[in-house]
Amino acid sequence: MRAAMDKIRMTTPLVEMDGDEMTRVLWQWIKEELLTPFIDLKTEYYDLGLVNRDACLDRVTVEAANAVKRLGVGVKCATITPNAQRVTEYGLKEMYKSPNGTIRAILDGTVFRTPIIVRGITPTVRTWTQPISIARHAYGDIYKASELYVDGPARAELVVTYPDGRKESKEIFSFRAPGVLMGMHNTDASIASFAHACFNYALDTKRDLWFSAKDTISKIYDHRFKDIFAEIFETEYRERFAAAGIEYFYTLIDDAVARVIRSPGGMIWACKNYDGDVMSDMVATAFGSLAMMTSVLVSPDGKYEYEAAHGTVTRHYYKYKEGQTTSTNSVATIYAWSGALRKRAQMDGLTELERFADKLEKAVIDTIESGVMTKDLAAISTLDNIRTVDSLTFIRAIRHTLEENL
Ligand code: NAP
Ligand code: MG
């Protein structure tokens with residue numbers, strides 16, 4: 001343990017959002033073993049655990065999101081999104097909304113998901129040697145659509161009414177028999193925010209950006225996405241991309257799918273809401289494990305919130321509560337911390353803190369590549385000297401590697 005004055009200095013606090021169940025347990029261990037012994041850790045703490053969210057009627061989630069707006073960088077533990085069963089389990093006053101949804105709405109952000117690559121865990125697609133990040137537009141389309149079942153012959157039309165009473169309409173289909181119908185929307189403002197978040201993230205991480213949609217078929221709807229991206233790129237980003245040596249291009253979704261599979265990876269792939277939902281599960285699975293997937297929410301004005309992509313690992317938590325040891329993977333949660341610390345360090349010009357973030361990630365990779373890992377990774381690793389360990393032993397092994405590397 002270093003003396004307080006020898007610890008790595010921070011100037012601005014991180015917004016720390018604690019969470020639930022097994023990840024809340026890991027959170028504490030990560031801080032005790034991997035952070036506070038080395039860093040003079042400064043955080044503004046918000047308890048997003050379900051018990052506290054219930055005590056304050058979820059006000060804490062809003063306060064935490066506003067703190068990220070004010071301070072610029074946050075790190076979040078996984079949290080329970082209550083359903084009926086959770087209302088009973090925790091005796092909740094209300095069935096609160098998803099904290100991630102609340103935070104995303106306040107920050108108006110885009111979520112970028114990126115797998116962590118280690119030797120011994122081979123992607124299903126053998127050409128992929130670098131991570132692929134999926135940027136998912138998290139607003140509108142089929143997620144905010146109105147649907148109807150048409151139960152017999154009927155004429156369906158789209159009707160738009162402007163405030164001055166002007167109307168525009170278009171036939172969708174003349175049904176001769178039963179069928180289904182859907183109306184969906186998006187807004188120029190939301191598409192533009194998405195585009196800015198993607199361009200900024202590409203510049204930030206110095207990686208190419210691909211954007212795909214289906215503008216050949218959807219000549220107004222998807223074409224609008226393509227045009228907004230193109231216009232913002234031309235006016236605000238083309239020169240900065242050239243200076244950074246990175247590329248932006250648009251291609252049809254079918255072409256993108258084929259090219260991604262043949263590529264070595266490394267790009268950021270911006271997807272519309274549904275495409276992003278589906279493709280991020282495909283990419284995560286093909287890279288190996290949900291427990292190795294990081295996630296960062298980036299707002300159009302450059303605020304960052306880091307987290308793991310997985311949930312609170314409930315099944316493991318119930319075992320833990322009964323006094324059993326679990327072998328829960330803490331890698332994505334550790335990377336949420338290292339990502340947030342690195343971003344804080346870059347914003348505040350703290351080179352020692354930035355170097356620590358790099359070394360912490362390297363210690364995680366070195367530990368796994370030495371054969372020490374949790375059960376989920378052991379099940380898919382091709383290394384031949386595997387030692388499967390419990391949650392805390394894994395974190396302590398990382399600490400040991402980190403101390404040697406420092
Ligand atoms: P989950 O917590 O991600 O866990 C699903 C299963 O995946 C686990 O039971 C475990 O499989 C495996 N797994 C996930 N993360 C792992 C890790 N770090 N190490 C080892 N194995 C891991 O998803 P869920 O069970 O659907 O959801 C549980 C709770 O999390 C829910 O209340 C949900 O609302 C919440 N949630 C929160 C977030 C968030 O805050 N971002 C995201 C998703 C879900 P085995 O049991 O087979 O070992
Ligand atoms: Mg999904």
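Counting convention: from 1, in listed order, for ligands and their atoms alike.
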Exercise. Look at Lys167 together with Glu157 and state whether they make a salt bridge at an N to O cut-off of under 4.0 Å.
Key: no
Quiz item: Are any of the N or O atoms of Gly311 closer than 3.5 Å to those of ligand 1?
Solution: yes
Practice problem: Check whether more than 12 heavy atoms from other residues, nucleotides or ligands sit under 6.0 Å from atom CD of Glu63, and answer yes or no. | Solution: yes
Practice problem: Please identify which atoms of ligand 1 are closer than 4.0 Å to at least one heavy atom of Glu307. | Solution: 41 (N)
Exercise. Determine the interplanar angle of the Phe229 and Tyr248 rings, folded into 0 to 90°, and report it as parallel if under 30°, tilted if 30 to 60°, perpendicular if over 60°.
Key: parallel
Quiz prompt | Sub-3.5 Å N/O-N/O distance, Ile80 and ligand 1 | solution = no
Quiz item: Between Glu322 and Lys319, does at least one N-O distance fall below 4.0 Å, as a salt bridge requires?
Solution: no
Self-check item: Backbone or side-chain N or O of Thr328 under 3.5 Å from ligand 1 N or O
Solution: no
Quiz item: Is ligand 1 less than 4.0 angstrom away from at least one heavy atom of Glu21?
Solution: no
Quiz item: Do Ser98 and Asn100 have a side chain donor and acceptor closer than 3.5 Å?
Solution: no
Exercise. Pull out every atom of ligand 1 sitting under 4.0 Å from any heavy atom of Thr314, numbered as shown with elements.
Key: 28 (C), 29 (C)
Exercise. Verify whether one side chain among Tyr274 and His137 offers a donor that lies under 3.5 Å from an acceptor in the other.
Key: no
Quiz prompt | Which of the ligand 1 atoms, numbered from 1, are nearer than 4.0 Å to a heavy atom of Ala78 | solution = 40 (O)
Quiz item: With a cut-off of 4.0 Å, which atoms of ligand 1 are near a heavy atom of Lys76?
Solution: 40 (O)
Quiz prompt | Lys/Arg-Asp/Glu bridge criterion (N-O < 4.0 Å) met for Lys69, Asp301 | solution = no
Quiz item: N/O to N/O below 3.5 Å, does that happen between Asp376 and ligand 1?
Solution: no
Quiz prompt | Exercise check, heavy-atom protein proximity under 4.0 Å to atom 2 (O) of ligand 1 | solution = yes
Exercise. Using the ring of Tyr143 (Phe, Tyr or Trp, six-membered ring only), decide whether Arg136 places NZ or CZ under 6.0 Å from its centre and within 45 degrees of its axis.
Key: yes
Quiz item: Any N/O of Asn329 closer than 3.5 Å to an N/O of ligand 1?
Solution: yes
Exercise. Answer yes or no: does an N/O atom from Arg315 fall short of 3.5 Å to an N/O atom of ligand 1?
Key: yes
